[in-house]
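This is a predicted model, so every value here is computed, not measured.
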Amino acid sequence: MDDDEDREAEVDICRVCRTEATPDKQLFHPCICTGSIKYIHQECLLLWLKHSKKEYCELCNHRFTFKPIYSPDMPTHLPIKDFISGLARNILRAVRYWLHYTLVAIAWLGVVPITAYRIYRCLFTGSVSSLLTLPLDMLSTENVLMDCIRGCFVVACTLCAFISLVWLREQIVLNGGPEWLHQQIDPIARLPGHLFDGQQGGDQAGEDGDQNGANPDQAEAGVQANAEDIDDDDNDANQAMDNAVVNNDENNWNPVEWERAAEELTWERMLGLDGSLVFLEHVFWVVSLNTSFILVFAFCPFHIGQFAVILMSIEETVQSSRFEGVLKTVLGYVILAFLLVFCHCVSSILALRKAKRVFGLCYVVVKVSLLMVVEIGIFPLVCGWWLDICSLALFGATLKDRMQSLSSAPGTAMFLHWLVGMVYVFYFASFVLLLREVLRPGVLWFLRNLNDPDFHPVQEMIRLPVYRHARRFLLSLVVFGTTVLLMMFLPVSLIKWCIPKFLPYNVQLSSEAPVSELSLELLLLQVVLPAVLEQGHTRQWLKSAIRFWAVSAAYILGLRSYLLGDVSLDGQENVYGYGLANNGQPINANNGNDNDNAGQPAQPVVHNADGTVFGFQPYIRPNAFSLKIAMLVLFMCVSMSFASFVTLTVPVCIGRTIMSLWMGKLPVHELYTAACGLYVIWVICRLCTVTLSWVPLGFQGMAEKVGGWILLGLKLVFIAAILIGLVPFLLGLLFELIVVIPIRVAHDQTPLYFPWQDWALGVLHMKIICAVTMMGPNWWLKRVLEQVYNDGIRHVNTMFILRKLAAPVVFTLLLSLAVPYFIAAGIVPIFVESTETRLYCMRRIYPFLLAVILVVVCAVFQGRQFQRLYERIKNDKYLVGQRLVNYEHRKRAETL
């Protein structure tokens, strides 16, 4: 029995179907794998390759090889007749594909944007003649390129509006809309004022508040809590009603059964990249969608706002703002919101349920759109302008200068101020998140927590009434505006009083400097700022500074429990996050202030998955709590102004001192001096922190650490001198010899070389080459760069970098520089006696050799393509099959 089992085990079987070889199904061993998975049928392998979509073995990574099998009557060389016919077929196929893709490009990149823009222009012209000449305007070839570019912007806006509308609908369907949209009660008992005043059963809330003796905030909180309890049942009932209506509509709907209804719609099919002409229908629907959205979301609000401007006789004021179209459109949306509220009110009174819901949904869409404009557009713009006004003295400018720049280029000025405001809002929010990691949860109750899992800004825009958003907007303006005053206006005024000659900052480019401003800008953007911003230590240092300030303030004012929350409550657990006074009475963490959370029970402490704490933590309220809070606010304001004063002066002073040693008394842009000073401060702080971390190791341990870091520093300096110094310089010099000098320097002029500019341009070129290499195919340079990146700085392999990266790159660049010069200066003078011809060869040798190399590369590429075409023609006519090739294990073992 054992002999039979051994004999069966020795039989070769397929690794896929586990069967033996047959006369018509032979077994092959196509890869390095051995043992029971060595053999496989060709049919099984082809089936598996089709399923896995791979061309190599998943175990040994060996690529499978197939040998073509041709017809016995195939000649030795392909006949010219067969080659010409095959070439003609391939050319016709290529022409057909070219025509099809050209049609696709013209349709999507030409017809759609041009049609959208010209319809947009026709609608906003406001004349009957433009409507009559619209068909002729569609066929006009005047300003096609500019109309196409503007049309792309119009199409992008309409598509964004459509996607936003669909997404907003999904938000309302999945998470529910505002409470008044789902309530099905007596319409006469509820007036439409709740759309704007936010009162849910205000009379009843007032009665309850009077009966219970509670304050209005608590009454409102209780009513809102009851409304939330009732809203769950209402949502379930309305969801069931909506499903019933949808099912009823589907049963009554009798669609036309298209032949393509069951086909899968992919991006290739929708855009026409699959070779079919179905995309023409999609082009028509996109044009129709653009027209509809332009008409509904731009034309109607604009003309409603224009009519309102005429009625209010403020045309001149609106026109003088230089943003006539935007203001009229926004005003039109505001008027539409009021009209929708009125229609919703009338529908409620007349008990028109469907009309009431439609008008309510339209109002929600308009409200969310206007709130998005306010939150993303107006608020950052106001912050940017306020920041600019408060920092005028910092740059030696006046308000008159800003008004002149606004009048000369209003769009650019508004965009720059909006961008500055967005950056300010982003860093302010990041700083608040850092504060929340240090302070007790509940201290910053007046600021929304962006990391709170219950924070959904879009849902708040949908659900909360307008007056709540208006109150938040005003509160945000007060907080952000006050912060700008404390951190910009007051420190700048203090600098002007204490150091009169320090300001203003120099923001003018100096043409007398020996170093080009372009070079310094490239140095700053490519070397300095990435090295500073990519370090994670800066955030930890800032967090430590905030913690030190909080501990100091808590110690001085006796507010440690309130600020940091490190207090014991003797086992008493308060799930609502109230503090305890000295007499043991609960104290509201909000301190009774009127805000979005005021009057509502405080949320319990919640820990997120990453350890972040939300809600409120208990604290002990000390004596003279209000006075101490006022002193804390004053201490915070003084600290913010002092920190801003130090930030605006110290880095610039250090940078000016260092730059003066290099550039003398020539004025330098303060962007570079500030960057230089910040980088020096960062290096000093980093050295201090590293030294303090080495103190517990003792003198011997510190000596070993210092020795190791010195050795590593020498290695890095040596490698940086080659990769960041020599290689960029050679790249920049080669670029100047190939491109700059032949274009900008005449034959009768002597070219001047600026090594610093060549190096700066070479840094930019090197980063581009590295980025393209990392995104390109797998070849030796990409593999070497990946290995160097994976090793990191602390485990840098100097010999590997020198042998595999530095030596080949430097050798190639030196050959590229030396060989053309040797040919032009050493070989050409032997055969040419004319000085002008020699000079011409010297100037044109570099671009000429580059052109020759490109022609050779193109010729080689075309030769390979011609060979592939030859093989394809031969395979189309004479190929009858393919046979799997076995892997030669013995030859492989012998070579090893």
Is any side-chain heavy atom of Leu805 closer than 4.5 Å to one of Leu781?
yes

Answer yes or no: is there a side-chain heavy-atom contact under 4.5 Å between Asn290 and Val112?
yes

Got more than 12 heavy atoms from elsewhere within 6.0 Å of OH, Tyr878?
yes

Shortest non-hydrogen contact from Val155 toward Pro113:
CG2-CA, 3.9 Å

Grab the two heavy atoms, one from Leu737 and one from Ile741, that are nearest each other, plus how far apart they are.
CD2-CD1, 3.8 Å

Taking atom CH2 of Trp780 as the centre, does the number of heavy atoms from other residues, nucleotides or ligands within less than 6.0 Å exceed 12?
yes

What distance separates Leu716 CG from Leu711 CG, expressed to the nearest 0.5 Å?
9.5 Å

To the nearest 0.5 Å, how far apart are CD1 in Ile873 and CG in Leu879?
14.0 Å

Are there more than 12 heavy atoms of other residues, nucleotides or ligands under 6.0 Å from atom CD1 of Ile80?
no

Check: Asp791 side chain, Val796 main-chain N or O, donor-acceptor pair, under 3.5 Å
no

Verdict with supporting geometry, Leu27 and His41, side chain to side chain contact (heavy atoms under 4.5 Å, CB included)
CA-CA 5 Å; Leu27 287 174; His41 293 122; 3.4 Å; yes

Salt bridge (Lys or Arg N to Asp or Glu O under 4.0 Å) between Glu871 and Arg868, intermediate numbers included
CA-CA 5 Å; Glu871 294 293 333; Arg868 292 179 181 178; over 6 Å; no

Please list every donor-acceptor pair under 3.5 Å in which a side-chain atom of residues 806-823 meets a protein atom from a residue at least two apart or in another chain.
residue : atom : partner : partner atom : Å
Thr812  : OG1  : Pro808  : O            : 2.7
Ser816  : OG   : Thr812  : O            : 2.8

Would you mind reporting whether Leu731 and Ile769 have side-chain heavy atoms less than 4.5 Å apart?
yes

Determine yes or no for a side-chain-to-main-chain donor-acceptor pair under 3.5 angstrom, with His62 supplying the side chain and Ile32 the backbone.
no

Taking atom types as modelled, is there a side-chain donor on Gln459 or Gln171 under 3.5 Å from an acceptor on the other?
yes

Roughly how far, to the nearest 0.5 Å, is CG of Leu764 from CH2 of Trp759?
11.5 Å

If we ignore hydrogens and angles and just use 3.5 Å, is the side chain of His29 paired with the main-chain N or O of Tyr887 as donor and acceptor?
yes

Please check this pair: side chain of Lys782 against backbone of Gly776, looking for a donor-acceptor N/O pair closer than 3.5 Å.
yes

Start with the C-alpha gap between Leu99 and Leu103, add the side-chain angles, then the distance that decides, and say whether side chain to side chain contact (heavy atoms under 4.5 Å, CB included) holds.
CA-CA 6 Å; Leu99 291 175; Leu103 179 63; over 6 Å; no

State the CG-NZ distance between Asp82 and Lys874, to the nearest 0.5 angstrom.
12.5 Å

So, taking the atom named CD in Gln787 and the one named CD1 in Ile801, what distance separates them when rounded to the nearest 0.5 Å?
9.5 Å

Please tell me whether Asn875 and Arg872 have a donor and an acceptor in their side chains that are separated by less than 3.5 angstrom.
no

Heavy-atom pair of closest approach, residues Cys148 and Leu109:
SG-O, 2.7 Å

Just say parallel, tilted or perpendicular for the rings of Tyr870 and Phe83, cut-offs at 30° and 60°.
tilted

Go through the side-chain N and O atoms of Glu786 and Asn790 and say whether any donor and acceptor fall under 3.5 Å apart.
no

So which atom in Phe66 and which in Gln882 form the shortest heavy-atom distance, rounded to 0.1 Å?
CB-OE1, 3.9 Å

Distance from Cys157 atom SG to Phe293 atom CZ, nearest 0.5 Å?
12.5 Å

Is the CH2 atom of Trp285 crowded by more than 12 outside heavy atoms at less than 6.0 Å?
no

With a sphere of 6.0 Å drawn around CZ of Arg803, does it hold more than 12 non-hydrogen atoms of other residues, nucleotides or ligands?
yes

Just wondering, more than 12 heavy atoms not from Tyr101 lying within 6.0 Å of its OH?
yes

More than 12 heavy atoms of other groups within 6.0 Å of Arg169 CZ
no

Can any side-chain N or O of His100 pair as donor or acceptor with the backbone N or O of Gly272 at less than 3.5 Å?
yes

Compare every heavy atom of Cys33 with every heavy atom of Cys57, then report the nearest pair and how far apart it is.
SG-SG, 3.7 Å

Cut-off 3.5 Å, no hydrogens considered: what does the side-chain donor-acceptor table look like for residues 43-50, sequence neighbours left out?
none

Tell me, yes or no, whether the heavy-atom count around Lys705 atom NZ, taken from other residues, nucleotides or ligands under 6.0 Å, exceeds 12.
no

For the residue pair Phe64 and Cys31, what are the closest heavy atoms and their distance?
CE2-CB, 4.1 Å

Just do the side chain to side chain contact (heavy atoms under 4.5 Å, CB included) check on Val690 and Arg686 with the steps written out, would you?
CA-CA 6 Å; Val690 170; Arg686 181 63 179 150; 3.8 Å; yes

Could you label the plane-to-plane angle of the Trp108 and Phe279 rings as parallel, tilted or perpendicular, counting under 30° as parallel and over 60° as perpendicular?
tilted

